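Working notes for the structure below.
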Amino acid sequence: MDQTLYPVNISPEFLLYAERNTLFELFQKCISSLLVDRPNDPITYLIDFLKKDADVPRVVILGPPASGRHTIGKLLQKKLNAVLIEAADLLHNIPSKFKDKLPPKPTIHNIPSTLWAQLFEERVKDFECVRRGWILVDFPNNREQALALQGHGIAPRYVVCLEAPDNVLIERAAGKRIDPKTKDIYHITFHVPSSREIQDRLITPEDNSEKAMHLRLKEYRRVKDCYKPVLRTINADQPLNDIFTQIYSYASKKERSIALHTPRIVILGPTGSGRKTVATQISRKYDVPIVSIPTLLKQQIVSKTPLGASIKPYLDRQTLVPDSLLTQIIKDRLNQKDCTTKGWVMIGFPRTREQAESLARTPVMAPTRVFFLDIPLDIALERLTNRALDPVTGDRFHTHERPPPTHNIKQRLAQHPTDDEESVQKRYQTYSVYYDELQDFYSPQGAIHVAADQDAYTVFEAVEAGIVNQLHKE
């Protein structure tokens, strides 16, 4: 009998372990490398692969002539400690096994694209490139070369494209000069060498006429389409330091994972910050159950469970339920199948640092994202004291943002007893008492603050961005 037809319940601890140790990403890297390199002995290959640092930089810097790609490449090499690979240097150090395949007088322009790809493939497999990563500059120059590189498994993690108006590039090219001794690049206007000796030996590069520049620009712009998923376009018509800062920020950023993750989200905020609204939006879009602590407590009492009987006296006296009882109720809820398989979004807990610590101690209960919805007291008062409920339809209205459409509805509206100014201020102050300690606990874990005094759609967009993007922890 086919056992795969039976429902399979995977322990949530397995998934948590995989997420914590990035096993999804590791599996993807292993399979990708196997398919690209196709080794004869996959097991030995994987053992060697796992010993290497797979997170080294692999960067391609594209740009039309005179866009500054060589200068940026050298700056990035120093900052990332990666190997700089340039086509001209590769041409002067061709391995002997490829020399019989070269044309009589090899240049950058007359070597076939497939041979270039083989040369670069050989170079990136060098020990230093594998250990430190690589930065590829001045190649590919056309679409055929880009496709040839991809066909040989040379896949950059980051591709930077320097863009500038044609007239700016042509002006730069006209003033470009090269030091034949050091290969450093200068410009007669923007970057003049301080040494007279260097100035005297500068030479003008070939093929920098206006006509040649137009042809090269036209060919270059077809290359970008080959790298769209990892391409970042940078305006090259700005100061060098600004260009480099943007490129370094992009090239040093951690890749966004495409692995499936179980969202475990905590939304904190004072009364009136819209926690329930945001939780509802997340739940609807991503099919994630909402874990509302006040709702859980009421369900326990209505269901007449032993825990419900224990917490009822505290709720009747309007006092805080002990953390031991709260933690048990929450743990039981988070261990239910919908939460373990889909994740959860929690509101109403934790309220203190002790509760946050108890949540973090249990792997199934530890959140992967924490959001603080920040809102001033005056905005919270305006939102809550001006809202009212239609007892007939259950619809909510607001004096300013959503006034009742008819006089009859306006007449029967009722304000919730806890929405008066005194009650709102009291709830806001209760949250504020523990705000600093909660922030101190969650900030090192990458907690995200969102200004909640905006419209609901803008707030949700900010929260959603925090869910899908990588955390930048301190």
Side-chain angles (χ1 to χ4, degrees), residues 57-78 80 82-126 128-130 132-162 169 172-173 176-186 203-208 212-213 215-224 226-227 231 236 247 251:
R58 299 192 304 274
V59 185
V60 167
I61 300 179
L62 298 175
S67 61
R69 59 196 189 282
H70 292 279
T71 303
I72 291 295
K74 290 183 178 181
L75 292 172
L76 202 60
Q77 175 197 22
K78 294 177 182 177
L80 297 177
V83 177
L84 183 64
I85 305 175
E86 296 182 309
D89 293 337
L90 204 60
L91 189 61
H92 294 121
N93 297 282
I94 294 176
S96 56
K97 65 179 180 179
F98 293 111
K99 288 187 176 180
D100 59 337
K101 301 179 182 179
L102 295 173
K105 293 182 179 180
T107 66
I108 291 177
H109 305 293
N110 67 3
I111 295 178
S113 299
T114 53
L115 182 55
W116 268 124
Q118 292 174 27
L119 293 172
F120 279 108
E121 182 182 18
E122 186 77 12
R123 183 69 178 92
V124 298
K125 288 183 178 179
D126 183 76
E128 281 300 303
C129 289
V130 172
R132 293 162 49 196
W134 47 265
I135 301 168
L136 181 55
V137 179
D138 205 23
F139 200 89
N141 292 308
N142 55 54
R143 182 177 175 83
E144 183 184 355
Q145 292 174 348
L147 296 176
L149 288 181
Q150 292 176 0
H152 283 75
I154 302 174
R157 295 172 63 186
Y158 307 99
V159 176
V160 176
C161 174
L162 300 172
L169 297 171
R172 285 187 184 179
K176 183 179 177 180
R177 299 293 184 269
I178 298 177
D179 183 347
K181 184 176 181 180
T182 64
K183 305 298 181 184
D184 289 336
I185 298 172
Y186 296 93
I203 61 173
T204 303
E206 300 177 1
D207 296 331
N208 266 15
M213 281 289 295
L215 292 173
R216 290 161 68 187
L217 286 169
K218 183 178 179 181
E219 186 63 44
Y220 148 75
R221 292 201 165 93
R222 297 180 65 232
V223 180
K224 298 190 298 180
C226 301
Y227 294 109
L231 183 70
I247 292 175

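The first residue of the sequence shown is numbered 1, and numbering continues consecutively from there. Being a predicted model, the structure only gives us computed values, none of them experimental.
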Do you know which two heavy atoms are closest between [X] and [Y], and how far apart they sit?
{"X": "A82", "Y": "W134", "answer": "CB-N, 4.1 Å"}
{"X": "A251", "Y": "V59", "answer": "CB-CG2, 4.3 Å"}
{"X": "G73", "Y": "I135", "answer": "O-CD1, 4.3 Å"}
{"X": "V124", "Y": "C129", "answer": "O-CB, 3.4 Å"}
{"X": "P140", "Y": "Y227", "answer": "CG-OH, 3.8 Å"}

Spatial distance of atom [atom1] ([X]) from atom [atom2] ([Y]) [nearest 0.5 Å]:
{"X": "H92", "Y": "E86", "atom1": "NE2", "atom2": "CD", "value": "11.5 Å"}
{"X": "S113", "Y": "R143", "atom1": "OG", "atom2": "CZ", "value": "12.5 Å"}
{"X": "W116", "Y": "L91", "atom1": "CH2", "atom2": "CG", "value": "5.0 Å"}
{"X": "L62", "Y": "L231", "atom1": "CG", "atom2": "CG", "value": "7.0 Å"}
{"X": "F120", "Y": "H152", "atom1": "CZ", "atom2": "NE2", "value": "12.5 Å"}
{"X": "T114", "Y": "E121", "atom1": "OG1", "atom2": "CD", "value": "11.5 Å"}

Open item on the list: Strictly distance-based, threshold 3.5 Å: is any side-chain N or O of R58 a donor or acceptor partner for the main-chain N or O of A155?
Closed with: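 Here the side-chain-to-backbone pair exists.
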TODO: Answer yes or no: is there a donor N or O on one side and an acceptor on the other, between the side chain of E122 and the main chain of F98, under 3.5 Å?
DONE: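 Not at all, since once roles are kept as given, no pair shorter than 3.5 Å links the two residues.
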Open item on the list: Show, in sequence, the C-alpha distance, side-chain angles and deciding distance for N142 and Q145, and conclude whether the side chain to side chain contact (heavy atoms under 4.5 Å, CB included) test is met.
Closed with: CA-CA 6 Å; N142 55 54; Q145 292 174 348; 3.2 Å; yes
- [ ] Would you mind telling me which of I111, L119, L136 makes a side-chain contact (heavy atoms from CB on, under 4.5 Å) with L90?
- [x] L119
Open item on the list: Out of the candidates D89, L84, L76, only one should pair with V137 under the side-chain contact (heavy atoms from CB on, under 4.5 Å) rule; please name it.
Closed with: L84
Task: Check: R123 and N93 side chains under 4.5 Å, non-hydrogen atoms - done: no
- [ ] Flag the pair V60 / I154 as yes when at least one side-chain heavy-atom distance between them is below 4.5 Å, and no otherwise.
- [x]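 SC-SC contact between V60 and I154 ruled out.
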- [ ] Just do the side chain to side chain contact (heavy atoms under 4.5 Å, CB included) check on L149 and C226 with the steps written out, would you?
- [x] CA-CA 10 Å; L149 288 181; C226 301; over 6 Å; no
